[in-house]
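Quick notes on the structure that follows.
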Amino acid sequence: MTINLFDDSSWESLRPLTFTRPVADLRIGILTIAEKWAKHLNADFGFQTQEYLSVKYPAKVNANLFINGCICPDEALVDAISQLKDGEVLLKGDFLIAHHNDPAQSDAVTSNKKIQYTQDFVRIIYPEDIFVNNPAEIRKDFVLLIKGRTSAKISSTNQLLGDDIFFEEGAKAECSVLNSGYGPIYVGKNAEIWEGSLIRGSFALCENSSIKMGAKIYSGTTIGPNSRAGGEINNSVIWGNSAKGHEGYLGNSVLGEWVNIGADTNNSNLKNNYAEVKLYDYESKKMRNTNLQFCGLVMADHAKSGINTMFNTGSVVGVSANIFGGGLPPNHIPDFSWGGADGFLDYKLNKMFETTAKVFARKNVIFDDTEKDILTKVFELTAPHRNF
């Protein structure tokens, strides 16, 4: 089976995280949304996304099953989509879930037979939906990934609480406390938990990532592949290729790819007056009420914070923003900003490219023209949000 995962209006509402990727490439739980569908359906996948992203994230020309990229699969939904026949479309009300078409058809959706789906499902519309739903998605992905398999051996130097702990081949942990009594713990291939770490599930440490000595990790946290994490982390998702390696608190937050958090950076996730938290909205250019009491930091790809940065409750940091200095920076830090509480300047593309090439090289990744073209387009798209 070959599928395409398509973007809808949630691509706009999930910015700045989606400026650099399709919605289905967001990580929630252990896997990205696209990887979840591929695993459930035993399928190859592509993306129907913004034109400037399509070189890096191409569509599959031979696909005949199309699934909304903002939806996380579950058993009932997978079953309903698997039963779709040519010419059928699955809806919930007016919301398009999926459609099955002959690739030769040009009017894919308009001529299809409509089927109403009556059950609930997880739909990712705003950035905070990622950490809110992450504990449940870790549980679902854990079951999906370990079915019929046995964990690799776990060192006897660890204190293990509960039975829902799974290590992939090459995963290591020593002298740490792993408590799966509150949710499963998954440690990916060649990932490592260093000595003295305290981890409470649900928790996922993805391939080739590490948790540094003495870390305190709370439920609902995912550390994506090729990343390093330390300090205190609670109910947060780091997409991958990122570093939060030092002391400092990260809570109820989402960090993108190629992010670096300076030593002793902290974020607030609860207002002093216990009021509901607001986040910056790219469409309205205003603050949007999340209806959440706990909501921390949303940080897009390539963003960086210097030592001792202090983020307000409900902060949104754009693509390639670079924050440093004392005091509390504003709740919205525009994409390609350079500065801090004392003010910001444009982070020039050529300077940003110089840094990014060095960051990529550290992980043996080439900073190629495809990446440069995407970032150039994002720089242009986000210019109206930079009013320095």
Over all heavy atoms of both residues, which pair between Lys92 and Thr118 is shortest? Give the atoms and the distance, please.
NZ-O, 3.6 Å
Residues His246, Asp264; criterion side chain to side chain contact (heavy atoms under 4.5 Å, CB included); working and verdict:
CA-CA 6 Å; His246 304 287; Asp264 204 32; over 6 Å; no
Atom CZ in Phe167, atom CD1 in Ile146: separation rounded to 0.5 Å?
13.0 Å
Kindly give the heavy-atom pair with the smallest separation between Ser10 and Cys70, and that separation in Å.
OG-CB, 3.4 Å
Has Tyr117 got more than 12 heavy atoms of other residues, nucleotides or ligands less than 6.0 Å from its OH?
yes
Inter-residue atom distance Ile217.CD1 - Asn179.CG, 0.5 Å rounding
13.5 Å
Quick check on Met213: does its CE atom have over 12 non-hydrogen neighbours (other residues, nucleotides or ligands) under 6.0 Å away?
no
Are side-chain N/O atoms of Tyr249 and Asn269 paired as donor and acceptor at under 3.5 Å?
yes
Would you check, one step at a time, whether the test side chain to side chain contact (heavy atoms under 4.5 Å, CB included) holds for Ile124 with Ile33?
CA-CA 10 Å; Ile124 307 303; Ile33 296 173; 4.2 Å; yes
Around atom CD of Glu51, are there more than 12 heavy atoms of other residues, nucleotides or ligands at under 6.0 Å?
no
Are any side-chain N or O atoms of Ser242 and backbone N or O atoms of Leu255, one a donor and one an acceptor, separated by less than 3.5 Å?
no
Residues pairing under salt bridge (Lys or Arg N to Asp or Glu O under 4.0 Å) where one sits in residues 167-196, two or more places apart or in two chains, turn out to be Arg149-Glu168
Are Val78 and Val122 connected, step by step, through hydrophobic side chains (Ile, Leu, Val, Met, Phe, Trp, Tyr) whose heavy atoms are closer than 4.5 Å?
yes
Give a yes/no verdict on a cation-pi contact between Arg200 and Tyr218, requiring under 6.0 Å between NZ or CZ and the six-membered ring centre and an angle within 45° of the axis.
no
Can you check whether Asp7's main-chain N or O pairs, donor with acceptor, with Thr49's side chain at less than 3.5 Å?
no
Look at the side chain of Asn158 and the backbone N and O of Ser176, then say whether any donor-acceptor pair between them is shorter than 3.5 Å.
yes
Under 3.5 Å: donor-acceptor pair, side chain of Ser151, backbone of Phe166:
no
Return yes if some donor-acceptor pair links the side-chain N/O of Ser305 with the main-chain N/O of Gly262 below 3.5 Å, else return no.
yes
Using 30° and 60° as the class limits, which term best fits the ring planes of His332 and His385: parallel, tilted or perpendicular?
perpendicular
Can you name the closest pair of heavy atoms from Val277 and Gly314 and give their distance?
CG1-CA, 3.5 Å
Measure the shortest side-chain to side-chain distance between Ile97 and Ile71 over non-hydrogen atoms and say whether it is less than 4.5 angstrom.
yes
Could you go through Thr20 and Tyr57, starting from their C-alpha distance and side-chain angles, then the distance that decides it, and tell me whether this counts as side chain to side chain contact (heavy atoms under 4.5 Å, CB included)?
CA-CA 10 Å; Thr20 47; Tyr57 300 96; over 6 Å; no
Met310 meets the side chain to side chain contact (heavy atoms under 4.5 Å, CB included) criterion, sequence neighbours left out, with Asn266, Leu328
Return the set of residues passing side chain to side chain contact (heavy atoms under 4.5 Å, CB included) with Asn350 (not counting sequence neighbours), or none when no residue passes.
Lys348
Does the side chain of Ile323 come within less than 4.5 Å of Lys304's, by heavy atoms?
no
For Asn312, is there any backbone N or O sitting under 3.5 Å from a side-chain donor or acceptor partner on Ser268?
no
Output yes when Asp74 and Lys140 qualify as a salt bridge under the 4.0 Å nitrogen-oxygen rule, no when they do not.
no
Residues at least two apart in sequence or cross-chain that pass ring-ring contact (aromatic ring centres under 6.0 Å, His included) with Trp11, listed by chain then number, are none
Parallel under 30°, tilted from 30 to 60°, perpendicular over 60°: which one fits the rings of Phe45 and Phe47?
perpendicular
Less than 4.5 Å apart, any side-chain heavy atom of Thr2 and any of Leu65?
no
Side chain to side chain contact (heavy atoms under 4.5 Å, CB included) partners of Asn289, counting only residues at least two apart:
Glu276, Lys278, Asn291
Criterion salt bridge (Lys or Arg N to Asp or Glu O under 4.0 Å) on Glu137 and Lys36, from CA distance to verdict
CA-CA 10 Å; Glu137 287 300 312; Lys36 295 173 192 285; 3.0 Å; yes
Where the side chain of Thr356 meets the backbone of Met352, is there a donor-acceptor pair that is under 3.5 Å apart?
yes
Can you tell me how far the CG atom of Leu17 sits from the CZ atom of Arg27, to the nearest 0.5 Å?
13.0 Å
Salt-bridge present (Lys60, Asp44; N to O < 4.0 Å):
yes
Using a 6.0 Å cut-off, check whether atom NZ of Lys363 has over 12 heavy atoms from anything other than its own residue.
yes
Any side-chain heavy atom of Leu161 within less than 4.5 Å of one from Ser180?
no
Heavy atoms of Val317 and Pro16 approach each other most closely as O-CG, 3.9 Å
Heavy-atom count around Asp163 CG within 6.0 Å, excluding the residue itself: above 12?
no
Salt bridge (charged side-chain N to carboxylate O under 4.0 Å, His left out) with Glu371: which of Lys377, Lys56, Arg21?
Lys56
Ring pair (Phe, Tyr, Trp, His ring centres under 6.0 Å) test vs Phe379 passes for just one of Tyr52, Phe353, Tyr347, Phe336, namely Phe336
Residue pair Leu53 / Phe19: nearest heavy atoms and the distance that separates them
CD2-O, 3.8 Å
Looking only at non-hydrogen atoms, find the nearest pair between Ser197 and Ile211 and report the distance.
OG-CG2, 3.6 Å
Hits for side chain to side chain contact (heavy atoms under 4.5 Å, CB included) against Glu354, two or more places apart or cross-chain, chain-then-number order -> Lys351
What's the separation between atom CZ in Phe66 and atom CG in Leu90, rounded to the nearest 0.5 Å?
15.0 Å
Can any side-chain N or O of Asn68 pair as donor or acceptor with the backbone N or O of Leu96 at less than 3.5 Å?
yes
Rounded to the nearest 0.5 Å, the CG atom of Leu144 sits from the CG atom of Leu31 at a distance of 6.5 Å
Quick one: does Ser209's side chain have a donor or acceptor within less than 3.5 Å of a partner on Gly224's backbone?
yes
Angle between ring planes, Trp258 versus Phe360, binned at 30° and 60°: parallel, tilted or perpendicular?
parallel
Quick one: CG on Leu375 to CG on Asp335, what's the gap to the nearest 0.5 Å?
10.5 Å
So, applying side chain to side chain donor-acceptor pair (under 3.5 Å) with Thr222, which one of Asn134, Asp141, Asn235 is it?
Asn134
Side chain to side chain contact (heavy atoms under 4.5 Å, CB included) for Tyr182 and Asp164? Distances and angles first, verdict last.
CA-CA 10 Å; Tyr182 297 86; Asp164 291 332; over 6 Å; no
Any donor-acceptor N/O pair, Trp239 side chain to Asp25 backbone, under 3.5 Å
yes
